[in-house]
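Encoded as structure tokens, the structure appears first; notes follow it.
Just so it is clear: chains get the letters A, B, ... in the order the sequence lines come, proteins before strands, and each one is counted from 1. Nothing here was measured: the structure is a model prediction, and the numbers come from that model.
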There are 2 protein chains.
Amino acid sequence: MPADPANGRREITVSDVAAAAKVSKATAARALGDYGAVSEAVRDRVRAAAEQLGYHPNALAKTMNTGRSNSIGIVVGDIENPFFGQATRGAADVAKAAGFDLILLNSDEEAGAEENAISVLLAKRVDGFLVAPASTTVPASLHPAVESGRPLVLFDRVADGLDVDTVVADNLAGARRLTELLVEAGHRRIAFISTIGHEGDYRLGDRLGSSSVNDRVTGFTAVLGEAGVPNPEAFVRLNARRDGVDAIVRSLVDEGVTAILASDSLVAQAAFRTLRDLGVAIPRDVSLVAFDDADWTSLSDPAITVMSQPIHEIGAEAARLLVRRIAGDGAPTEHLVFPQVLIERESIAPPPG
Amino acid sequence: MPADPANGRREITVSDVAAAAKVSKATAARALGDYGAVSEAVRDRVRAAAEQLGYHPNALAKTMNTGRSNSIGIVVGDIENPFFGQATRGAADVAKAAGFDLILLNSDEEAGAEENAISVLLAKRVDGFLVAPASTTVPASLHPAVESGRPLVLFDRVADGLDVDTVVADNLAGARRLTELLVEAGHRRIAFISTIGHEGDYRLGDRLGSSSVNDRVTGFTAVLGEAGVPNPEAFVRLNARRDGVDAIVRSLVDEGVTAILASDSLVAQAAFRTLRDLGVAIPRDVSLVAFDDADWTSLSDPAITVMSQPIHEIGAEAARLLVRRIAGDGAPTEHLVFPQVLIERESIAPPPG
DNA sequence: TTGAAAGCGCTAACAC
DNA sequence: GTGTTAGCGCTTTCAA
């Protein structure tokens, strides 16, 4: 007695409806599934029988035949992170409008978990993938998705050497602008903090595991270099997840850094707390800027100057692109880049002294 | 040529692997699926062939036979809301550990969308449902889920007249405590604000559409009544989504209210902004307290006194319960209630004057 | 327009 | 331990 969970009842099938309506299974299926040709009379009769019996179509059986599941797999770093919450919502709305549902998996930014997620989605025969890749330099975990032939759209990050559609924000320009603001205010000792993992000290030209962080670091060090700051790479602090933002900020303050650029709002939040606990005044003692217009950044005292990204739209656009690919759009690979917008608030001041 | 998307290739099946390994389909399936009895030699041979051919199991076909899809449907109000982000993450982790994936749908707190979501999940033959019901007084949209015989666990809210498991926080006690704090500080004109929809003015005994908000209002008015405040129900402001928190707060200030209890952190955030824009000092002119320890509440100036809920744990526990039910646990319906914990900060002061 | 029959990829008896 | 044979619930030829 398969196809039924623990409880006793058997699901109503097309056969049951067909029998009740006194037509063949094929005809009942046509009437129920809205395809092929069915006379109006028969159609109504079948529908009535279905209603009467409480028929619920089995989408899985349909998928077995058509090869289409009407589901999209989405792999995010962590759905609890507001960034992914917003992107997922944007994607969900577009997907739903196009008749797709989302199967959601968290990767925790780990390649292993990501590969696992892809494999689960592959087994469930999703029609396409939406992923914020954990590693954009070694996107091996994405290969199975690519090889499956099902469309894959990357969002928030691009991946090296993978010919797939991507939807990201202009992190390079955003980082440049934020850094310029700090430099113009007179800062020279500016630190960049990110949670991204990286072996050893950061050196100019190193490729970071996330293309977006990579672009941010590149923009940051470039502007610093142009401003005549020697060894700008020495101001890049990575591995903040492992080492702790708190510890990093403390040592930065000791080292006399006068400004901090946080790579995301979670890092900024931790840095803000540490500075406050340390009694270091923002922006009088240390200036602080960040990416993402998280809600707290406009509520804190002082409010934080941020580079805002159209997160919702990035998710939505990625889904739109994916839906088009699923529909068979064979246009060349697209790489969409959304502009970021600066929101100036009160967290920048000239360096002290 | 079914079972394959737009592109040309055909998926590798158990039959292909069986042929390559020169065994029967059944044996290949046993080796691949890790069930039944297979000799080690054959098992290795089959696995090697599978690897070689690039075999990926079709979970859907498996579901057709076993009746188990290893997916759980989760219906939340809005995944962009931090509350649901956290609860979903809690649920996702437990689900994954038990071998289940999540199919995520947003209801926007509308019964229609919720019913739709349930029907989609039913068609996809999820093994169980996790839902934060849009309406707990008229849970009609949940009936199809209940009738399907597949387990359903409600979280954050209970539903009237539905014999299903629920996992919620103790909103009544939480609201009482928060209100007591305000009363003890000397407040008498205290307003309660929620986005929940309600026809006409709130009257004592009205059942609100969300059991959690209902409990909060009940606790709030009870404490006010015990403190001798006449007509406490007059201080309950609902429909804030429709009318706007901003407009409500402005009129409240005009009416000389000296304290506000926000039903959730999103309402609190909007209220905080309005008070700030109005130049009304918190807590000197108006005290403000809220539910949920959202990150901004400890970063704002002043930091907000809140009633914190174990959101992550609520999601996790709901998933744990559901997984047990799916496994066939026939124990009586459970109603889990988690305590809320008060976090005192600086947003309460005696009323002015 | 309708029906009969085959088949999607897998599991589950049952026999050997 | 292995193979044979039926299905799961649907769609899809192909005839009638």
Legend entry - Side chain proximity check, B:Arg125 to B:Met64, heavy atoms < 4.5 angstrom: no
Inset, instruction - For the side chain of B:Val23, starting at C-beta, report the closest nucleotide among C:dT11, D:dG3, C:dG9. - result: D:dG3
Inset, instruction - Would you tell me if any nitrogen or oxygen in the side chain of B:Tyr35 comes within less than 4.0 Å of OP1 or OP2 on C:dA12? - result: no
Legend entry - Side chain to side chain, B:Asp165 and B:Thr333, heavy atoms closer than 4.5 Å: yes
Legend entry - Salt bridge A:Glu313-A:Arg320, side-chain N to carboxylate O under 4.0 Å: yes
Legend entry - First encountered from the 5' end of DNA chain D, between B:Arg30 and B:Ala61: B:Arg30
Legend entry - Atom-to-atom span, NZ of A:Lys22 to P of C:dG3 - whole angstrom: 12 Å
Inset, instruction - Would you please confirm or rule out a distance under 4.0 Å between OP1 or OP2 of C:dC8 and any side-chain N or O of B:Thr13? - result: no
Legend entry - Atom-pair distance (CE on A:Met64; P on C:dG7), nearest Å: 14 Å
Legend entry - Short side-chain N/O contact to D:dG9 OP1/OP2 from A:Ser15, under 4.0 Å: no
Inset, instruction - Taking only the side-chain heavy atoms of B:Thr66 (C-beta and beyond), determine which of C:dT11, D:dG1, C:dT2 contains the nearest atom. - result: C:dT11
Inset, instruction - Using atom types as modelled and distance alone, determine if a side-chain donor or acceptor of B:Thr136 lies under 3.5 Å from a backbone N or O of B:Gly209. - result: yes
Inset, instruction - Indicate yes or no: at least one non-hydrogen side-chain atom of B:Leu104 is less than 4.5 angstrom from one of B:Ile74. - result: yes
Inset, instruction - Using atom CD1 of A:Ile12 as one end and atom P of D:dC8 as the other, report the distance to the nearest whole Å. - result: 14 Å
Inset, instruction - Would you tell me if any nitrogen or oxygen in the side chain of A:Thr27 comes within less than 4.0 Å of OP1 or OP2 on C:dG3? - result: yes
Inset, instruction - Take the protein atom CG of A:Asp34 and the nucleotide atom C1' of D:dT11, then report the distance between them rounded to whole Å. - result: 14 Å
Legend entry - Nearest listed nucleotide, side chain of A:Asn58, among C:dA4, C:dC10, D:dG9: D:dG9
Legend entry - A:Arg68 CZ to D:dG9 P, straight-line distance once rounded to whole Å: 24 Å
Legend entry - Interatomic distance, A:Leu32 CG vs D:dT12 C1' [rounded to whole Å]: 16 Å
Inset, instruction - Using whole Å, report how far CG of B:Asp16 lies from C1' of C:dC8. - result: 13 Å
Inset, instruction - Report the residue (A:Lys25 or A:Glu40) whose heavy-atom-nearest nucleotide on DNA chain C is the more 5′ of the two. - result: A:Glu40
Inset, instruction - To the nearest Å, give me how far apart CG (B:Asn65) and P (C:dT11) are. - result: 7 Å
Legend entry - Any B:Tyr55 side-chain N or O less than 4.0 Å from OP1/OP2 of C:dC10: yes
